[in-house]
Amino acid sequence: MFPVVVVQGGAGHIPKERSENSRAGVCSAARAGYAVLRRGGSSMDAVVEAVSQLENNPFFNAGCGSVLNIRGEVEMDAIVMDGKRLDSGAVSAVRNIANPIQLARLVMDKTSHTCLTAEGANRFARSMGVSEVPPESLITDYSRMRWKENLAPGANPVDSQMGKMGTVGAVAVDAEGNVACATSTGGMLNKMEGRVGDTPCIGSGGFADNQVGAVSTTGHGESIVKVTLARLILFHVEQGQSVEAASDLGLAYMKSRVGGLGGVVTVDPQGHWATRFSTRQMAWAAAQKDTLHYGLYTGEHLTQSLGDPL
């Protein structure tokens with residue numbers, strides 16, 4: 001078993017002018033997560049670090065860079081899950097927190113609950129000393145431009161989704177064989193106020209179990225919830241499928257049953273990993289055994305030494 005961290009930056013259609021930044025962002029996040037594992041950190045430490053990096057990167061739909069709801073505001077969801085004892089923490093519809101993934105971990109570590117929402121989550125954040133940020137600091141010019149375009153009468157729903165980046169996330173296996181997942185999102189472009197998708201739901205946005213593996217999902221949230229995609233994939237692993245085959249089976253079922261597209265990163269406790277998606281693109285990267293693996297298009301799998309500069 002070799003420790004590994006696998007990162008995804010969202011499934012969808014990434015415009016050419018943003019593709020290199022997306023690729024560089026997931027590679028940097030995978031490196032950061034793997035550095036935690038190298039220092040002897042846990043899989044949970046690694047996935048939270050990797051996803052925090054993506055939340056801080058304006059090229060992803062999480063944290064700074066989140067898409068806007070119908071009112072032009074940011075509402076974010078996040079989840080973490082530890083495979084050792086099936087502990088989990090999540091937040092939904094939080095507005096002025098720079099790193100929702102870190103708040104989700106506090107929910108797991110410091111409360112007896114699994115999910116806090118909206119103002120209740122913000123009050124908990126204040127009690128934990130988590131700094132609040134101005135909501136405007138999470139809104140990029142790109143997000144505001146896409147929001148305005150989608151408000152126009154007769155807006156083309158296909159065009160409005162151009163450049164749509166889904167949920168970001170990570171999975172990892174540490175030196176002790178513990179698995180973990182972390183998933184964070186700004187949600188769906190021009191969503192209704194208060195809409196919560198798959199991300200903070202155990203078994204949908206993510207799942208981790210040391211006896212089977214860990215999954216982080218991205219894509220059309222309502223479809224992912226309907227088929228509990230993360231848990232469905234691990235069911236196939238339990239039935240003897242490889243992480244790659246199980247991921248493909250789960251995505252194929254979601255597409256055939258409810259017409260949903262998405263992507264996943266999956267690991268098992270032995271350190272086998274997979275990145276699979278049914279959308280046009282998904283930025284992903286994985287770090288294992290001093291090698292960085294990454295890609296953006298179906299069938300693309302590039303590698304470089306972790307000792308090489310980005």
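If you're wondering where the values come from, they're calculated on a predicted model, not measured in any experiment.
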Side-chain donor-acceptor pair present, Q102, S52, cut-off under 3.5 Å: yes
Sub-4.5 Å side-chain heavy-atom contact between E300 and R23: yes
Got a donor-acceptor contact below 3.5 angstrom from the T183 side chain to the G169 backbone? no
Are any non-hydrogen side-chain atoms of V267 and V6 less than 4.5 angstrom apart? yes
Check A170 against S216 and note the closest heavy-atom contact, atom names and distance. N-OG, 3.8 Å
Going by atom types alone, do N96 and N122 pair a side-chain donor with an acceptor below 3.5 Å? yes
In Å, rounded to the nearest 0.5 Å, how long is the span from CG of N21 to CG of N57? 7.5 Å
How far apart are the C-alpha atoms of R146 and D141, what are their side-chain angles, what is the distance that settles it, and do they pass the salt bridge (charged side-chain N to carboxylate O under 4.0 Å, His left out) test? CA-CA 9 Å; R146 293 170 60 216; D141 290 342; over 6 Å; no
Between S137 (side chain) and P134 (backbone), is there a donor-acceptor pair under 3.5 Å? yes
Looking at K191, I want to see if its NZ is surrounded by more than 12 non-hydrogen atoms of other residues, nucleotides or ligands under 6.0 Å. yes
Given side chains that start at C-beta, do those of C64 and E55 come closer than 4.5 Å, heavy atoms only? no
Any side-chain donor paired with an acceptor under 3.5 Å for N178 and D82? no
Ignoring hydrogens and angles, state whether a donor on the side chain of T266 or S247 is under 3.5 Å from an acceptor on the partner side chain. yes
Specify the closest pair of heavy atoms between L189 and W147, including all atoms of both residues, with the distance to one decimal. CD1-N, 4.5 Å
Side chains of L296 and M282, heavy atoms from C-beta outward: is any pair under 4.5 Å? no
Test side-chain contact (heavy atoms from CB on, under 4.5 Å) on I233 and L249; report intermediate values, then the result. CA-CA 7 Å; I233 287 169; L249 285 167; over 6 Å; no
Using every non-hydrogen atom in the two residues, find where V107 and C115 come nearest and quote the distance to one decimal. CG1-N, 4.2 Å
Quick check on side-chain contact (heavy atoms from CB on, under 4.5 Å): which of V179, D268, V173 does N210 satisfy it with? V179
Rounded to the nearest 0.5 Å, what separation is found between the CD1 atom of I139 and the CZ atom of R144? 4.5 Å
Close side-chain approach of V51 to V168, heavy-atom, < 4.5 Å: yes
Pair D209-L86, side-chain contact (heavy atoms from CB on, under 4.5 Å): steps then yes or no: CA-CA 6 Å; D209 183 345; L86 304 185; 3.8 Å; yes
Is there a salt bridge (charged side-chain N to carboxylate O under 4.0 Å, His left out) between R38 and D290? Walk through the geometry before answering. CA-CA 10 Å; R38 275 180 160 170; D290 298 320; 2.3 Å; yes
Taking the six-membered ring for Trp, are W284 and H293 ring centroids under 6.0 Å apart? no
For the pair S88 and V80, evaluate side-chain contact (heavy atoms from CB on, under 4.5 Å) and give the outcome as yes or no after the intermediate values. CA-CA 6 Å; S88 182; V80 297; 5.6 Å; no
Side chain T217, main chain S204, donor-acceptor under 3.5 Å: yes
Do you know which two heavy atoms are closest between Y142 and P15, and how far apart they sit? OH-CG, 3.8 Å
When hydrophobic residues are tied together by side-chain contacts of less than 4.5 Å, even through go-betweens, does V215 share a cluster with F235? no
If I take atom CG from residue L116 and atom CZ from residue R123, how far apart are they, to the nearest 0.5 angstrom? 10.0 Å
Establish, from distance only, whether the side-chain atoms of S22 and S19 form a donor-acceptor pair under 3.5 Å. no
Sub-4.5 Å side-chain heavy-atom contact between L229 and L251: yes
Just by distance, do the side chain of Q8 and the backbone of G10 share a donor-acceptor pair under 3.5 Å? yes
Report whether V264 and V212 are members of the same hydrophobic cluster (ILVMFWY, side-chain heavy atoms less than 4.5 Å apart, transitive linking). yes
Starting from the C-alpha separation in whole Å, work towards a yes-or-no answer on side-chain contact (heavy atoms from CB on, under 4.5 Å) for E73 and L68. CA-CA 5 Å; E73 300 166 339; L68 308 184; over 6 Å; no
Should M44 and I101 be counted in the same cluster of Ile, Leu, Val, Met, Phe, Trp and Tyr side chains packed under 4.5 Å apart? yes
Flag the pair D45 / R105 as yes when at least one side-chain heavy-atom distance between them is below 4.5 Å, and no otherwise. yes
What closest approach, in Å, do G9 and F60 show between heavy atoms, and which atom pair accounts for it? O-CD2, 3.3 Å
Is it the case that the side chains of S184 and D77 hold a donor-acceptor pair, with the cut-off being a distance below 3.5 Å and no angle test? no
Check: T279 and H13 side chains under 4.5 Å, non-hydrogen atoms: no
Look at atom CD of E119 and say whether more than 12 heavy atoms of other residues, nucleotides or ligands are closer to it than 6.0 Å. yes
Search all heavy atoms of G177 against all heavy atoms of P269 and return the closest pair with its distance. O-CB, 4.1 Å
Closer than 3.5 angstrom, by distance alone: can the side chain of R31 be matched with the main-chain N or O of L306 as a donor-acceptor pair? yes
Are any side-chain N or O atoms of S143 and backbone N or O atoms of G65, one a donor and one an acceptor, separated by less than 3.5 Å? yes
Calculate, to the nearest 0.5 Å, the distance between atoms OG and NZ belonging to S42 and K84 respectively. 9.5 Å
Residue among R95, M192, R195 satisfying side-chain contact (heavy atoms from CB on, under 4.5 Å) with E75: R95
Out of curiosity, M76 CE to N69 CG, how far, rounded to the nearest 0.5 Å? 11.5 Å
Quick one: pull up OG1 in T167 and CE in M188 and give me the separation to the nearest 0.5 Å. 9.5 Å
Give a yes or no on whether the backbone of Y253 and the side-chain of S256 come within a donor-acceptor separation of less than 3.5 Å. yes
